[in-house]
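Remarks on the structure that follows.
Ligands are counted one by one from 1 in listed order, and the atoms in each one are counted from 1 as well. These numbers come from a predicted model, not from an experiment.
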Amino acid sequence: MDDENARLDRADQVLRTAAAIALDYAGSVDDRRVTPDQDALAALAAFHEPLPDIGADAEDTLRLLHAVGSPATVASTGRHYFGFVTGATYPVALGTSWLASAWDQNAALPVMSPVAATLHDVVRGWLVDLLRLPAGTAVAFVTGATVANAACLASARDALLGRLGWDAQADGLFGAPPFDVVIGERAHSTLSKSLGMVGLGRSRVTVVPADDQGRLRADLLPDIDGPVLVCAQAGEVNTGAFDPFDPIADWLAERSGWLHVDGAFGLWALADPLRSDLVSGLDRADSWATDGHKMLNVTYDCGIAFVRQPDDLRRTFAATAGYLPPGSGFEAMHHTPQSSQRARQAELWSVLRTLGRDGVRRLVAGSCEAATTIAGRLADGGLTVLNEVVLNQVLVRLVDGPTTAALIAEVQADGRIWCGATSWDGATAMRISVSSWKTDLADAGFAADVILECARRVGDRPAHARAQQPSRGAPTGGPPRSRPPRR
Ligand SMILES: *Cc1c(COP(=O)(O)O)cnc(C)c1O
């Protein structure tokens, strides 16, 4: 047994190996295809081994993970990934996550981790200041915006029912007095998931039509009495558009209710004073959800729930047990859906400290500038830009839906950059999201070059062959690749 423990306890050697492997990965991520090639995908079969009866060597295990796993990752930490809205990671965030994993703190209670509790308080203050939210706003760290939305909506539910004399925590929702839920037509799919999770229903909502950018039409808000829960959005996932918060808040002020804002990536626009027209009235909400792992480029997973009145989080998430000490300071387990939880505030603290207020502003402004550059180049090249580029999202179409689908397939097969498809106005569109801190204007130009080159290749093929037939990677007669794929 002592031998066995000694074998598992070679911490120094194991961690050095892990660090060397991680450095190798981080240092080469920009030199490879953005998505795994067929060989890398086929090699994943090596993981399908039976659970060993006798444990394997730790370093050998790490080496297998790197040899087989690393080539099958998506290079979303690189400069050329434009898919979904997927942030990369700052080196200081990655390094902090190494240290925070070494600490392995349970951030549930201050008594379990004084450092986590202190960093929570510091980061709360910094975020509320940076995003210009009401000073006393409570902050809860969760896995992502989906759970941040759910945490806010659960708090809203209990607060609104409380005003109606109903204790939802004690008595549940069966028999509870009803209230209305209002969402925009272009609310994110996971907002509906969150509404379902907290028992408010995905379909039992009033849907307000959106305009051509996906903004909720405040002039079409329904003629209903309060109390009402309104879910607005900062950053539509295709266009990046912002709902008109002031008119929504004015409408709500005539009723009683709760305004929640899903700002998974868009909330960070609050850090850029030049974007104040987009965010006007955003601070009038009762709760806000955002991600750290998208625009701010911290490691997964990191969602942030902001609730104006800290007691509203506590009412919903407090747990009691005989062994729990009486409260002092912010107790994360009594303000989040989790009990045990990792200290997500550590990576946030590091990134905010090393960027500073001006760095976050430049990050937001830089993403928008790169997106604007891509949009301009694509428009010049004959694509139709479907959105006003107000933040980091570009939505384009080549000719029509099917031709756009062929272009997307061509770009994905090419492998130098990656962006995905969405449906807009009933037809396929290509969505380009600038969400990596690394993506500069040269990378934006590179992305536009690749897309235009792929568009030419699609255009050169007969129409009937466009839909399924991306050419096999290498451009034919086009300019040479500036970053040749390694594998
Ligand atoms: C990404 C996103 C979400 C979900 O965020 P997760 O971090 O994936 O849970 C919710 N709303 C919007 C607008 C998003 O862009």
*With a 4.0 Å cut-off, would you call Asp443 and Lys438 a salt bridge?*
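Judged by the 4.0 Å cut-off on N to carboxylate O distance, Asp443 and Lys438 do not form a salt bridge.
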Can I get a per-line list of side-chain donor-acceptor pairs under 3.5 Å for residues 132-140, giving both atom names and the distance, sequence neighbours left out?
unit_1	atom_1	unit_2	atom_2	d
Arg132	NE	Leu270	O	3.3
Arg132	NH2	Leu270	O	2.6
Thr137	OG1	Pro134	O	2.6

*Among all residues two or more places apart in sequence or in another chain, which pass the salt bridge (charged side-chain N to carboxylate O under 4.0 Å, His left out) test with Arg357?*
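For Arg357 the salt bridge (charged side-chain N to carboxylate O under 4.0 Å, His left out) partners, ignoring immediate neighbours, are Asp129.
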*Are Trp258 and Phe179 close enough that their ring centers fall under 6.0 Å?*
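No, the ring of Trp258 stays outside the 6.0 Å limit from the ring of Phe179, centre to centre.
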*In terms of the angle between their ring planes, are His120 and Phe141 parallel, tilted or perpendicular, with boundaries placed at 30° and 60°?*
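Perpendicular.
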Kindly print each ligand 1 N/O atom paired with any protein N/O atom under 3.5 angstrom away, one pair per line, or none if nothing qualifies.
unit_1	atom_1	unit_2	atom_2	d
ligand 1	5 (O)	Asp291	OD2	3.3
ligand 1	5 (O)	Lys294	NZ	3.4
ligand 1	7 (O)	Ala145	N	3.1
ligand 1	7 (O)	Asp291	OD1	2.9
ligand 1	7 (O)	Asp291	OD2	2.7
ligand 1	7 (O)	His293	NE2	2.9
ligand 1	9 (O)	Ala145	N	3.3
ligand 1	9 (O)	Thr146	N	2.8
ligand 1	9 (O)	Thr146	OG1	2.6
ligand 1	11 (N)	His188	ND1	3.4
ligand 1	11 (N)	Asp262	OD1	3.2
ligand 1	11 (N)	Asp262	OD2	2.7
ligand 1	15 (O)	Lys294	NZ	2.9

*Does Ser113 have any side-chain hydrogen bond (donor to acceptor under 3.5 Å, both in side chains) partners at least two apart in sequence or in another chain, and if so, which?*
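Expected list: Gln105.
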